[in-house]
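So the structure is just underneath, and the comments pick up after that.
Reckoned from all heavy atoms, side chains included, excluding hydrogens, waters and symmetry mates. So you know, we letter chains A, B, ... as the sequences are listed, proteins then strands, and number each from 1.
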Amino acid sequence: MSLPSAEVAADFRDALQDLKVNSRPEISNLTIIAKESTEHAQAISRELENHIKTTRPEWKLPALYVLDSIVKNVGTPYTVYLGRNLYRTFMDAYVLVDEPTRKAMEGLLRTWKQPVPESMDPRPVFPVEMTRDIENSLIKFRTMAVQQAQRSQKPPMQQGLPPRPASNANVPWRHNPTPPQNATRYTPSNDPRLRQNFPPQHGTQNTPQMPPQNQFQPPNSGFTQPTASADLDTINADLDNLINSAKTDFAQNPSDVPRQQKLKTLLDLQTILKTRTLLPNQLSQIQEQIRQLAPPTAPAPSLPPSLPVPPPMIQSPQQAPPPFQATNPSFNLAQILAAARASGPPPPPAQANTSLADLLRRTSSPMQSSGTPTSVAPFPLPFPAAPMPPAPAPVPTPVPVTPTPAPSLAQILQQFGKSQPVPAAPPPPSALQFSLPQFLAQQPSTPANPAGGAEWLLNALKAQNMIPPVGASPFPPPFANAPPQAEVIGQPGSAALNAANDVELTTASMKISRPNLISKLYFAVPNQCVTCGRRFENTPQGKEKKARHMDWHFKVKDPDLSKRGIHRSWYISEREWIDYREVDETAPEQAVNGSGSAGAATAPKKETKDQYVPVPTDPTLVHAPCPICQERFEPQWLVEANDFVWMDAIKVNSKIYHATCWEEYSKGANLSVPFAAPATPDSVLGKRKAEGVSNSAEKKLRA
Amino acid sequence: MTTLPGLPGLPGLSLTAPSSHEAPTFVSQSHITRTQELPPGTEYRFEVSFSCRLSVKLISGTAEYFGTELAPNSKDPYLFSEGTKGAIYTWHGCKLELEGEVESEYVAEETKMDTYANAHFALEKVREQAAQHNDTGPRVLVVGPGNAGKTSVVHILTSYAVKMGRQPLVVNLDPRQGMLSVPGSLTAAAFSSIVDVEEGWGSSPISGPSPIPVKMPLVYHYGMPSPEENGGKYFKPLVTRMALAVTSRLEVDRAARVAGFVIDTSGAMSRGKGGVYENIEHVVSEFSVNIIFVLGSERLYSDLSRKYSHRTTPDDHVTLIRLDKSNGCVDRDEDYMKQFRQAQIRSYFFGHGENTLSPSTHWEDYSEMSIYKVAGEINPAFRSGDDEDDDDNAYGTSPSIFEKVTPSPQMQNSLLAITSARASDSHETIRDASVIGYLYVADVDDAKKKLRLLSPQSGRTPNNAMILGCWPEDVPGLVS
Ligand SMILES: Nc1ncnc2c1ncn2[C@@H]1O[C@H](COP(=O)(O)OP(=O)(O)OP(=O)(O)O)[C@@H](O)[C@H]1O
Ligand SMILES: [Mg+2]
Ligand SMILES: [Zn+2]
Ligand SMILES: [Zn+2]
C-alpha cells in the first residue's frame, strides 16, 4: 500500500496554493514533490492543471513555471498527463492574464518546442503537434484582439468583479448558498485561503489587463469578494438570533440533550467572541459556522449567472471554465463544525467497547477520582482495544470495533481554550484527545482510527516487568489482583509516578535499568498533543496550557499569512541573547522580549520603526490604513512576539498609525509620543556592546 | 535531500535550485508502505541517503527519536531526509508505518537507552536541588572520540529535560557540524520547546511562523575544522567568550540557570596529546563544568579521571561518568560529512523540507566590504595538523589576529560570517563578536570589482566586519 493519490495530491495542492510569486525554492520544492511521487503523476497533474485554471490571473505564471519545471526536470509521465490538456491549460490561462505574463508564457512555449537543454534526449519537451496547436491559436487570438480593438474604441469594461447587486446589500453576502456546485457544499467557500484579505497588491481590482470575456464570476464565490466583512458586530447579531431560537427550541424540548448542547455551544461561542481576540480568518470561520448553523433562510436572491459579456474574442474549443472556481478541499473549522453538527451530538461513551484501560480503570478504583474521562484514561488509547486474552468473569467479551465518534462542536470549542464541561454525554477518552489540527486533518474524511491493537500496551506492561512474558503464565488472573499495572500506566498519585529518583551520579548507577522512572516522561504527563507529541499534565493548568498550545498550532497554520517570502532572520546579538527569554506558546501572555510592558522602564527605547502592534482583531481596525499616509499595514510574523504583528506601527487613541508617520506628525505638532517604549534590546544590526557581558559574570568566571 | 539537476535558466527566475551533487541518482520509487512492529526496549535504526527520504508514522504505542516523542497517529508523517542516520526507540513497544527508501535499516534489541535515561534522571536530581536552592543546575560536558554518539546523547538529554519542563542550554563546540546554524559556527541556545525531529536541532528564527517553535541561537564564527587548529589559539578565546555569555545568561534567566547546560564537542578535542587534553581542560574551567560524560573511550576516561579525581572541594569538583557507546552509532566518512554540511548550509539559506525560505542575491562593491581572515592561515589541505609551535599565552593579545583580504575570484562559493563588530573594531573585538548571519559568495566579477552575494534577506548587507574562514568547505553551485 502506498500513500493514496488523493493525499499526495492534496499536499501538492496545498503547496501550490502558497505559490504566488516566482519563488525558485518553492518551484523546486514542488518539482521535487512531483519527482518523488511519479506514481501519483496523474493526480498531481490534475491538481496542477486545475490550479492553473482556477488561481487568480496574477498567480498563474508561477504555477505555469511549476509545470515547466516538472516537464523539463522530471519528464515522463508528466509530459504525458500534462500534455493531454496542455492546449486548454495554456490557452485558458493565456486569455486571462496580463500582457507581460502573456509574453512570459510565449517564452515558455518557445522552450517547449526545444529539447530540454543539456539533455541527451533530442526530442522537444512536448510533441510539436501540441505546441503547434497552441501557437496557431495564439496567432488567431492576436489577430482578433487587434481587430476587436479597432472595431470598438470603447474603454475596457470595468474589470475584476461584478459589483454586488444592491438587492443583496442588507444580507451579508455569505448568506447565499455558495457556488454553483452544491455537491461540494462546504468546500469552496470555506477554504480559509479564499477568505483572506488579500493585500492590496493582489487585490482583484488591480488586474485591469484581464480581458473581459471570461468574467463569468459566480457572484458569491467567496474568492472574488475578499472577506472585508468578517465583522464582529454582524457575527454577534447573528449569534444572538441563533441563541434566541436555540433557547426557544430548548424550552420546548427541555430534555433533549442535543438541543441543550447546541444552546450551550452557542453560548460558549458567544463568550469566546466576547473574551478572546481572534484573528480575522478565525472570525471568518466562525461567521461561516454561524451561517451554517442558521436555520435555512429564504433562498438568496438569485442572480443572473453571468453579467453581460462581450462575445468571446476567440473561438476556444473548450467552454471557458468558471474562473476562480474554488476547488480546494482543505478542511477548516467551519467545515468541521458543520460535520460535527451533521453528525449530531456525540454518542454516549463507547463503554461497550471495552479496552484494557477500561478494565484497569474499573479494577483500580479506590484511589482514583471519578472525574472526566481524560483524568481517568491515563493516556490516549488511540485504538479500540484488541480482544482480551481469555480472562475471568468481570471481563466482558470482546465487542466489535466501532469507529471513534465524530468530535463534537463542544470539543472544538474546547480547543479555543474554553473548557466546557460536556453535559450528560462525555465523549470517549480518545475523542477528547483530539486536537484542532487533527480535526482539520481527519474530518470528515475517515473514521478517526483505523483498526489497531492494544498489544503495545500489553508490551508496555511487560516491559515494566508488571506482566510476565506471554507463555510464562497466561495472563495474570483478574486485574484486581494486580494493582501495580494500574499504577504503571499512571493513575494520578500512584506509586510508580512518584517513584523515587534513585539515580546516582556514578558510572555504576547508570547501568541499572529503572523502568519505573520512565513513566515520568510519559504517563505522568498524560495529555498529549497529537500534532507534535508534546505532553501536558492532567491538571487544570495543564489543560489550559494545552488549549493555548493548540491555539498556537492553529495560528501558525494560518494559511493567509504564512508563506510570502519568508526568509531566515539575522541572529540576535550577544546582549540580546543574554536578555532573551524563551517564548513559550503555552504561556498566557508573551510579556517578555519587548512585546509587553514588562521591563519597559529599564529597557532601552526601541527604534521607532521597530515598534509594532499585534494585528488587531477588531474588523474596522484591521482594514484601516494608516490615517496619516493612507497606506495599509502588512501583517508579518514576529518571533519575539510569537504572533502576527504590524511593524512600524503604534496605537494612539484606538487608531493605529505608522510609528514613523506618527513620529513625524507629532514632532510637527509638538506632541510627545504617548507610549512606553517596549523593551527590546539594541537593534540586531550593527550595534554591539563593546563590553558584552556583565562584570559580575566576568568575576564569576575568573574566580 | 533530493536535488534537481541544474535547471537551465527559466524565464523570470534568478536563483537556481541548490544542488548538492552533480548527478543525483533518482531512484524510481517503489514506495512500499510497510509496518514495523517494535517490541519494548528496541529501536529501529535507519540510514537514508541524500537523495531519498523515509516517512515514518507512529500507528500505535509510544516512540521517540533521540528523546523527542513522536506524535501519535498524526496526519503528517515524519520525513527523514538529507542523509539522516538515526533510531526510533520505544520504551513501551510500538507499531510504525514506514515508507520510502533507506540505505539500511534494522531493529536493534540492544540499546543504551537505559543508560542515557539514567543520565537524564541523574541530572534531573541535580536540577531539583538547584531549583530548591536557587542554584545553578548541572553543567555538563560530553566528550568522546568521533562518532561515539556524543551529539545523539546531548540530543536525548536535551529532549528529556524539555519534556520535564526544563529549559536547558545547549552549547555546540564542534565546528564540523552546525547546531541551529552552519558548520564552522559555534553556538549556544536555550531549548524550551520541543526539539525538532526532522531537522537536526531545528531551525533558528525565520520571518514567518514555523510549525515547530524556532530556537534562538547565539552564534560565533570559528571557521576552522577542528578546535586543535593553531594549537587552539583561536578556539580558546572564543570558548572564553561563549562561556561569559552563557554564564551571564544563567545569572539572569532562572529557568536556564536551574536546568544548566550541556556542551557538545568534536571528537578531535578528545584526541589529546600524550594524555593531555588542553581544550577539554580549557572548556571545563571556562564553563565551570561539573559533570563530564565520557562516551566510548576507556582511555579518555582514565586520563581524565587522573586529571580531575583529586579535585574534591565542592567548588571545583568534577564528576566524571563513563557512558557506553551505542552500537547504533554510524561511522560517517568525510564524504558523507561534506554532503551533510552542504545540506546544513543550504537549509540556512533555503530552509528545510516544507519550510522553504527565500534568500536573495545582490551585487556588492569590493569597496563596501571589510573581510578578514585569520592571519597566517593556509589552506587546510596543506596543514600538518599537529604543529606544536607556540605555547598558549600567545593567543588573545596578538595585534594581528586577522589579515584583511580583498575579494578575489578564489572567494567564490565560500561563506562569509557577518560579525556584529564594526569594520574599524580591534581584531580581538571582531574575533569575539557574535555573528548576525552568513553570506554566500555566488559570483566574483573581478573586472567590475563586484561580488554577487546570496543573503538570507533582501536589502543591503550591513558593512560590519566579516570573517572569511577556511571552513566549512566551499559549496559549489549553491546559486547559479
Ligand atoms: N542508536 C543509534 N542508532 C542509529 N544511528 C545512531 C544511533 N546513535 C547515533 N547514531 C548515528 O550515528 C552517527 C554518529 O553519532 P553522533 O553524531 O551522535 O556521534 P558524535 O560522537 O557526536 O560524532 P562526532 O564526533 O562526529 O560529532 C550519527 O549519524 C547518529 O545519528
Ligand atoms: Mg557530534
Ligand atoms: Zn502540539
Ligand atoms: Zn503611515
So which part of Ile291(B) gets closer than 4.5 Å to some heavy atom of chain A, the side chain, the backbone, both or neither?
side chain

Thr506(A) versus chain B, the contacting section by heavy-atom distance below 4.5 Å:
backbone

Is it the case that the side chains of Glu574(A) and Tyr220(B) hold a donor-acceptor pair, with the cut-off being a distance below 3.5 Å and no angle test?
yes

Value rounded to 0.5 Å, distance of CD1 in Ile518(A) from CD in Glu64(B)
7.5 Å

Would you say the side-chain atoms of Ser434(B) pair up with the backbone N or O of Ser573(A), donor to acceptor, closer than 3.5 Å?
no

When you compare the side chains of Ser358(B) and Arg24(A), does any donor N or O come within less than 3.5 Å of an acceptor on the partner?
no

From CZ (Phe350(B)) to OG (Ser23(A)), nearest 0.5 Å:
9.5 Å

Tell me, out of Glu124(B), Lys215(B), Met164(B), who's got the most heavy-atom pairs with chain A below 4.5 Å.
Met164(B)

Side chain to side chain contact (heavy atoms under 4.5 Å, CB included) between Leu218(B) and Ile572(A): does it pass, once the steps are laid out?
CA-CA 7 Å; Leu218(B) 173 61; Ile572(A) 55 177; 5.9 Å; no

So which of Asp324(B), Asp114(B), Ile321(B) has the largest heavy-atom pair count under 4.5 angstrom toward chain A?
Ile321(B)

Report yes or no: does Arg249(B) contribute a side-chain atom to a donor-acceptor pair with the main-chain N or O of Asp579(A) at less than 3.5 Å?
no

Quick one: does Ser207(B)'s side chain have a donor or acceptor within less than 3.5 Å of a partner on His567(A)'s backbone?
yes

Answer yes if the ring centres of Phe523(A) and His92(B) are under 6.0 angstrom apart, and no otherwise.
yes

Look at Gly437(B), Ala122(B), Ser192(B), Pro205(B) and state which one has the largest set of heavy-atom pairs under 4.5 Å with chain A.
Pro205(B)

Can you check salt bridge (charged side-chain N to carboxylate O under 4.0 Å, His left out) on Glu69(B) and Arg534(A), steps first, answer last?
CA-CA 7 Å; Glu69(B) 196 175 344; Arg534(A) 178 166 174 179; over 6 Å; no

Has Lys520(A) got its NZ or CZ under 6.0 Å from the middle of the six-membered ring of Tyr160(B), at an angle within 45 degrees of the ring axis?
no

Against chain A, label Tyr78(B) side chain, backbone, both or neither, depending on which of its atoms sit under 4.5 Å from a heavy atom there.
side chain

Taking the six-membered ring for Trp, are Tyr571(A) and Tyr438(B) parallel (under 30°), tilted (30 to 60°) or perpendicular (over 60°)?
perpendicular

Taking every heavy atom of Ala71(B) against every heavy atom of Gly533(A), the minimum-distance pair comes out as CB-N, 3.5 Å

Taking Met216(B)'s backbone N and O only, do any of them form a donor-acceptor pair with Trp577(A)'s side chain (distance below 3.5 Å, no angle check)?
yes

Looking at Ala188(B), Pro138(B), Ala255(B), Ala256(B), which makes the most heavy-atom pairs under 4.5 Å with chain A?
Ala188(B)

Which atoms of Phe191(B) come close to chain A, meaning under 4.5 Å heavy atom to heavy atom: side chain ones, backbone ones, both, or neither?
neither

Is there a side chain to side chain contact (heavy atoms under 4.5 Å, CB included) between Met510(A) and Arg322(B)? Walk through the geometry before answering.
CA-CA 9 Å; Met510(A) 296 294 143; Arg322(B) 191 154 51 80; over 6 Å; no

Under 3.5 Å donor-acceptor, Asn501(A) side chain and Phe121(B) backbone
yes

Is chain A contacted by the side chain of Ser426(B), its backbone, both, or neither, given a heavy-atom distance below 4.5 Å?
neither

CG on Asp253(B) to CD1 on Ile578(A), rounded to 0.5 Å
11.0 Å

For atom CD of Gln457(B), decide whether the heavy atoms of other residues, nucleotides or ligands shown that lie under 6.0 angstrom number more than 12.
yes

Taking atom CG of Leu521(A) and atom OG of Ser159(B), what is their separation to the nearest 0.5 Å?
10.5 Å

Find the one option among Ile512(A), Asp502(A), Val503(A), Ile33(A) whose heavy-atom pairs under 4.5 Å with chain B are most numerous.
Val503(A)

Between Val219(B), Val294(B), Ile418(B), Thr419(B), which has the largest tally of heavy atom pairs under 4.5 Å with chain A?
Val219(B)

Which region of Val252(B), side chain (C-beta onward) or backbone (N, CA, C, O), has a non-hydrogen atom less than 4.5 Å from a non-hydrogen atom of chain A, or is it both or neither?
both

Does any N or O in the side chain of Arg568(A) come within less than 3.5 Å of the main-chain N or O of Pro456(B), such that one atom is a donor and the other an acceptor?
no

Counting only non-hydrogen atoms closer than 4.5 Å, does Thr319(B) touch chain A with its backbone (N, CA, C, O), its side chain (CB onward), both, or neither?
side chain

Is any side-chain heavy atom of Ser455(B) closer than 4.5 Å to a side-chain heavy atom of Trp570(A)?
yes

I need the minimum non-hydrogen distance between Leu70(B) and Gln528(A), along with the two atoms involved.
O-NE2, 3.6 Å

Scored by heavy-atom pairs under 4.5 Å with chain A, the best of Pro217(B), Ser193(B), Ala117(B) is Pro217(B)

For Lys163(B), does the NZ atom have more than 12 heavy-atom neighbours from other residues, nucleotides or ligands under 6.0 Å away?
yes

If you count heavy-atom pairs within less than 4.5 Å of chain B, which of Ala508(A), Cys532(A), Ser509(A) leads?
Cys532(A)

Supply the atom-to-atom distance Arg581(A) CZ to Arg254(B) CZ, rounded to the nearest 0.5 angstrom.
12.5 Å

